[in-house]
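Report on one structure; see the data block that follows.
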Amino acid sequence: MTVQELAEKVGGKIIVNTDADVAQYYAGDFLSRVMGNAPSGCAWFTVMANLNVAGVAVLAEIAVIVLCEGVEPADGLVDRCKEEGVALITTDRPLFDSCVSVV
């Protein structure tokens, strides 16, 4: 699934676009758990929006961050995602609903 297709499925807005192709998904907000368990190249569903999210995405080789529940990216997150080549989507949908929409 492309970043555009993922954004459409979750009713979201693309903040940072890449040519990522996503086939796996992970949901979680405990950053160390995400680093150890998120599959490489996945879309990560979260309500965490601070700058550390980009760092975790890079370390875990996450392709797309999906900020759920109307959460807006914190200062610096968009720029860091652009620098690191990590796609970023925001959606107003609840985390659970967002995850279910891609299954």
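The closest side-chain heavy-atom distance from Arg93 to Ser101 is below 4.5 Å. In this structure, the side chains of Lys9 and Glu5 stay at 4.5 Å or more apart for every pair of heavy atoms. With a 4.5 Å cut-off on side-chain heavy atoms, Val16 and Val78 count as touching. A 4.5 Å side-chain heavy-atom check between Ile15 and Leu67 finds every atom pair outside the cut-off.
Judged by distance alone, with hydrogens and angles left aside, the side-chain atoms of Asp92 form no donor-acceptor pair with the main-chain N or O of Glu69 at under 3.5 Å.
With salt bridges taken as basic N to acidic carboxylate O contacts below 4.0 Å, one links Arg80 and Glu84.
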Legend entry - Thr90/Val71 under side-chain contact (heavy atoms from CB on, under 4.5 Å): CA gap, chis, key distance, verdict: CA-CA 7 Å; Thr90 60; Val71 171; over 6 Å; no
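Gly76 and Leu51 make their closest contact through O-CD1, 3.4 Å (heavy atoms, listed as atom of the first residue, atom of the second, distance). Across every non-hydrogen atom of Gly11 and Thr91, the tightest pair is O-OG1, 3.6 Å. Closest approach of Val34 to Ala60, counting heavy atoms only: O-CB, 4.3 Å. Residues Val10 and Ser98 share a closest heavy-atom pair of CG1-O, 3.7 Å. Contact between Gly41 and Ala63 at its shortest, heavy atoms only, is O-CB, 3.5 Å. Of all the heavy atoms in Ala43 and Leu6, the pair that sits closest is CB-CD2, 3.7 Å.
Val86 and Val3 fall into different hydrophobic clusters, where Ile, Leu, Val, Met, Phe, Trp and Tyr side chains are chained together by heavy-atom contacts under 4.5 Å. Residues Val22 and Ile62 are members of separate hydrophobic clusters, defined by side-chain heavy-atom contacts under 4.5 angstrom among Ile, Leu, Val, Met, Phe, Trp and Tyr. Hydrophobic clustering (side-chain heavy atoms under 4.5 Å, transitive across Ile, Leu, Val, Met, Phe, Trp, Tyr) keeps Ile65 apart from Met1. The hydrophobic cluster containing Leu59 also contains Val53, counting ILVMFWY residues as joined when their side-chain heavy atoms lie under 4.5 angstrom apart, directly or transitively. Criterion: ILVMFWY side-chain heavy atoms under 4.5 Å apart, direct or through other members. Under it, Ile89 and Val102 are part of a common hydrophobic cluster.
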Which side-chain N or O atoms in residues 23-30 pair as donor and acceptor under 3.5 Å with protein atoms at least two apart or in another chain?
from, atom 1, to, atom 2, distance (Å)
Asp29, OD1, Thr46, OG1, 2.4
Asp29, OD1, Val47, N, 3.0

